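A short write-up of the structure that comes next.
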Amino acid sequence: MAKDKQINVEVIISDKINETKTFASGVTLKQILDSFQVENSKDYVAAFLNDTLKEMNWKVFKDSKVEFISKTSVIGFDLYKRSIILLMLKAAKDILCKPEGSYRIEVMYSLANGFFCRLVDDETVVNQELLDKIKNRMRELVEKDIPIGKRIAYTPDMRKRFLERDLPGKAALLKYRRASRTNVYYLDDYEDYYYGYMVPSTGCLDKFDLVTYDDGFVLVIPEKKTFSLDKPYEAPNKLYNVLRQSEDWGNKMNINCVGQLNDLVVAGGGNHLILMQEALMEKQIANIAETIVKNDRKIILIAGPSSSGKTTFSNRLSVQLGTFGMTPYPIAMDNFFKEREDTPKDADGKYDFECIEAMDLKLFNDTMSGLLEGKEMPMPTFDFTIGKKIFDGKTMKLNKGDVLVVEGIHALNPLSTESLPKESSFKIYISALTQLNIDEHNRISTTDTRLLRRIVRDARTRGNSATKTISMWQSVRRGEEKNIFPFQEEADAMFNSAMIYELSAIKQYAEPLLFGVPEDSDEYYEAKRLLKFLDYFLGIDVKLIPQNSLMREFIGGGCFKV
């Protein structure tokens, strides 16, 4: 190929630029971006090259279409979060000045707009003074705008290196890597393995903070919506406690990374792990039921994000309440929508059914109050075809031993129960708070777990393709971030519905669906990413998963109607 060959590139940069320009063959994506002298060019961290995601140092050799991706986009934000961890680890290495293998930093789980991390080192105390030094070093590295490089390494060599650096999770992960080569990212003299692409240089990573928390610290990242750090960081303490409990249990099982889970599967311990996990979950549900009965709560309000397993949890909680002589009655908050003509509209002029203003809160509070007072109350059924509540003579009255189980996205919002005595209700937040990590520095996103659950369930119960489910997911996520997550700390109890074995079980159902996503669709990148993620896991036999397991809500074969 001649060095002076010219190529035509159609370039799209947000809503600022959309034009075709001529470049020399072999030009990098970063050089293409720089040629336009775009203001805030550091905001663009990757690009779709002919609809395939590429990092900024990728070279272009033929006529192409390039669409640059901002770090404020869904994909760009993922790159930012991954890269800020690399920056923090490099800065910590520089400040601690300790030999590799004498300490390690573990990135444990997402905690609001931050990652809870832990320094494993008997000699070093984590305090704000140390964190400020690391933070200042991070800022120095950002100012220098150092490139984040990538090299190809021999997989067995990297396994050995990670063992020497006291990173057994990474070594165990690479043990099950089929490829003989592994991509390794480096920042100056620090290198690491990461699941997914990185931003091109440290200059892109301008917003972060480090704050002490419990026995570790939080690497604070910008809020997704505003991409800012305007507010002081506030940790969700109840959520942290649930995550910590799950982590502690995983440690007792000697499983906190994917490689350790795979080791257990290879050793034939998968069935025993399933039984252990299910026994723990049953005990936790029984404890919640006992608390409700002891405190004489009459209204149980349950909320959680999509695919958390709310339906199965509600059924299993009802069974446990029954063992105490209680009679649960399910109530769907969806039956308390306002009439269609009174429903608010969003910015696009469409009915906004997810906002709390779409709920007839006065009717809901009046109905619940009447039931608590022992009155027989008419119960509505919302007819979605005509957009109206129907009162067809159905009534309800609370007798001794009766308890209401209310499920809805606004169940934890204080406005939903503002007229009810506080001591009458018991609020439960449920979510799949994955306790497993890929390795010491790569988390498993709870969002990914729930998306895989929904892909499998929607295909089985609604006939939806993975393409359709993925296409709706960001809209679902926006609703959760607005209506559910802000109120999770209102809960009297939090229930973690994640199963330590579930990704090994669900992969055999999800993979065929993900392979069916067309290459020319907008959802192909996400499907490909999830397939790569599932490739880390060895499959597990699902035959011993009990019929009442929460997993059955998604893979089928359960005893509850879902």
Side-chain angles (χ1 to χ4, degrees), residues 78 81-82 85 89 104-110 115-118 120 153 155-156 158-163 165-185 192-196 243 246-274 276-277 432-453 456 496-511 514 528-542 551:
D78 280 344
K81 291 186 289 185
R82 198 176 297 122
I85 292 171
L89 293 170
R104 71 172 177 269
I105 292 177
E106 298 174 339
V107 181
M108 301 305 298
Y109 24 76
S110 178
F115 301 125
F116 177 73
C117 306
R118 190 178 294 118
V120 181
T155 302
M158 290 311 303
R159 281 194 64 209
K160 182 179 178 181
R161 285 279 294 120
F162 287 137
L163 284 173
R165 292 170 55 186
D166 191 27
L167 296 171
K170 287 184 182 290
L173 182 75
L174 295 184
K175 175 182 176 181
Y176 296 98
R177 183 172 174 82
R178 294 178 174 87
S180 61
R181 308 283 178 177
T182 298
N183 288 327
V184 178
Y185 287 93
D192 208 347
Y193 173 76
Y194 286 93
Y195 155 58
L243 287 165
S246 297
E247 177 202 341
D248 291 344
W249 185 78
N251 290 336
K252 290 177 183 177
M253 299 296 105
N254 197 30
I255 301 173
N256 48 44
C257 291
V258 172
Q260 294 169 325
L261 176 61
N262 288 339
D263 284 343
L264 185 138
V265 173
V266 169
N271 291 341
H272 182 66
L273 181 64
I274 290 173
M276 294 283 284
Q277 174 73 86
L433 305 168
T434 311
Q435 63 266 60
L436 201 64
N437 281 341
I438 295 175
D439 59 39
E440 288 85 357
H441 304 150
N442 290 274
R443 299 171 40 260
I444 292 177
S445 165
T446 59
T447 299
D448 284 350
T449 301
R450 292 191 295 108
L451 174 55
L452 288 166
R453 285 179 171 189
V456 171
N496 185 0
S497 69
M499 321 287 278
I500 200 167
Y501 68 82
E502 74 172 271
L503 290 165
S504 291
I506 210 167
K507 70 170 290 180
Q508 59 193 288
Y509 298 91
E511 284 179 336
L514 292 167
K528 187 177 178 181
R529 184 186 68 82
L530 290 171
L531 282 167
K532 179 185 176 184
F533 168 60
L534 288 172
D535 199 44
Y536 287 122
F537 295 84
L538 297 181
I540 198 170
D541 189 352
V542 302
M551 280 304 298

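If you're wondering where the values come from, they're calculated on a predicted model, not measured in any experiment.
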I want to check something: taking the side chain as every heavy atom from C-beta on, are Tyr509 and Val542 in contact at a cut-off of under 4.5 Å? yes
Contact check, side chains of Asn437 and Val107, non-hydrogen atoms, under 4.5 Å: no
Heavy-atom side-chain contact between Asn254 and Gln260 under 4.5 Å: yes
Restricting to ring pair (Phe, Tyr, Trp, His ring centres under 6.0 Å), what partner residues turn up for Phe537, sequence neighbours left out? Phe533
Applying side-chain contact (heavy atoms from CB on, under 4.5 Å), run through Asp439 and Phe162 and close with a yes or a no. CA-CA 11 Å; Asp439 59 39; Phe162 287 137; over 6 Å; no
Under the 3.5 angstrom rule, does the side chain of Asn262 hit a backbone N or O of Leu538 as a donor-acceptor pair? yes
Contact between Ser504 and Leu261 at the side-chain level, heavy atoms closer than 4.5 Å - yes or no? yes
Measuring from Ile500:CD1 to Ile255:CD1, what's the distance to the nearest 0.5 Å? 4.5 Å
Nearest heavy-atom contact between Ile274 and Asp541 is CD1-O, 3.6 Å
Give a yes or no on whether the backbone of Leu534 and the side-chain of Lys507 come within a donor-acceptor separation of less than 3.5 Å. yes
With sequence neighbours excluded, residues passing side-chain contact (heavy atoms from CB on, under 4.5 Å) with Lys532: Tyr195, Tyr536
What heavy-atom pair brings Ile506 and Arg453 nearest, and what distance separates the two atoms? CD1-CA, 3.7 Å
Rounded to the nearest 0.5 Å, the CG atom of Leu163 sits from the CZ atom of Arg161 at a distance of 11.0 Å
Distance, nearest 0.5 Å, that separates OG1 of Thr449 from CD of Glu502: 5.5 Å
Looking at every non-hydrogen atom in both residues, tell me the closest pair between Asn496 and Gln435 and how far apart they are. ND2-OE1, 4.3 Å
Exercise: do Gln277 and Tyr501 side chains pair donor with acceptor under 3.5 Å: no
Might you work through the side-chain contact (heavy atoms from CB on, under 4.5 Å) test for Asp448 and Arg529, ending with a clear yes or no? CA-CA 10 Å; Asp448 284 350; Arg529 184 186 68 82; 2.8 Å; yes
Which distance, rounded to the nearest 0.5 Å, do you find between the SG of Cys257 and the CG of Leu436? 7.0 Å
Residues that Arg177 engages under side-chain contact (heavy atoms from CB on, under 4.5 Å), provided they are two or more places apart: Thr155, Leu174, Ala179, Thr182, Tyr193
Shortest non-hydrogen separation from Ser110 to Leu243 and the atoms involved: O-CD1, 3.8 Å
If the threshold is 4.0 Å, N to carboxylate O, is there a salt bridge linking Glu440 and Arg165? no
Are Lys170 and Asp192 close enough that some pair of their side-chain heavy atoms sits under 4.5 Å apart? yes
Between Gly259 and Ala172 the two heavy atoms that sit nearest each other are CA-CB, 3.7 Å
In sequence, state the C-alpha distance, the side-chain angles, and the governing distance for Val258 and Leu503, and then conclude on side-chain contact (heavy atoms from CB on, under 4.5 Å). CA-CA 10 Å; Val258 172; Leu503 290 165; over 6 Å; no
Tyr176-Asp263 side chain donor-acceptor pair, cut-off 3.5 Å: yes
Can you confirm whether Glu247 sits close enough to Asn251 that some side-chain heavy atom of one is under 4.5 Å from a side-chain heavy atom of the other? yes
Closest non-hydrogen contact found for Thr434 with Ser445 is OG1-O, 4.4 Å
In this structure, CE of Met158 is separated from CZ of Arg181 (nearest 0.5 Å) by 12.5 Å
Is any side-chain heavy atom of Thr447 less than 4.5 Å from a side-chain heavy atom of Arg450? yes
Test item: Arg159 side-chain N/O and Ala171 main-chain N/O as donor-acceptor pair under 3.5 Å: yes
Here the gap from Arg104 atom CZ to His441 atom NE2, rounded to the nearest 0.5 Å, amounts to 9.0 Å
Donor-acceptor pair, side chain of Gln508 and main chain of Ile540, under 3.5 angstrom: yes
Any Arg178 side-chain heavy atom under 4.5 Å of Asp535 side chain: yes
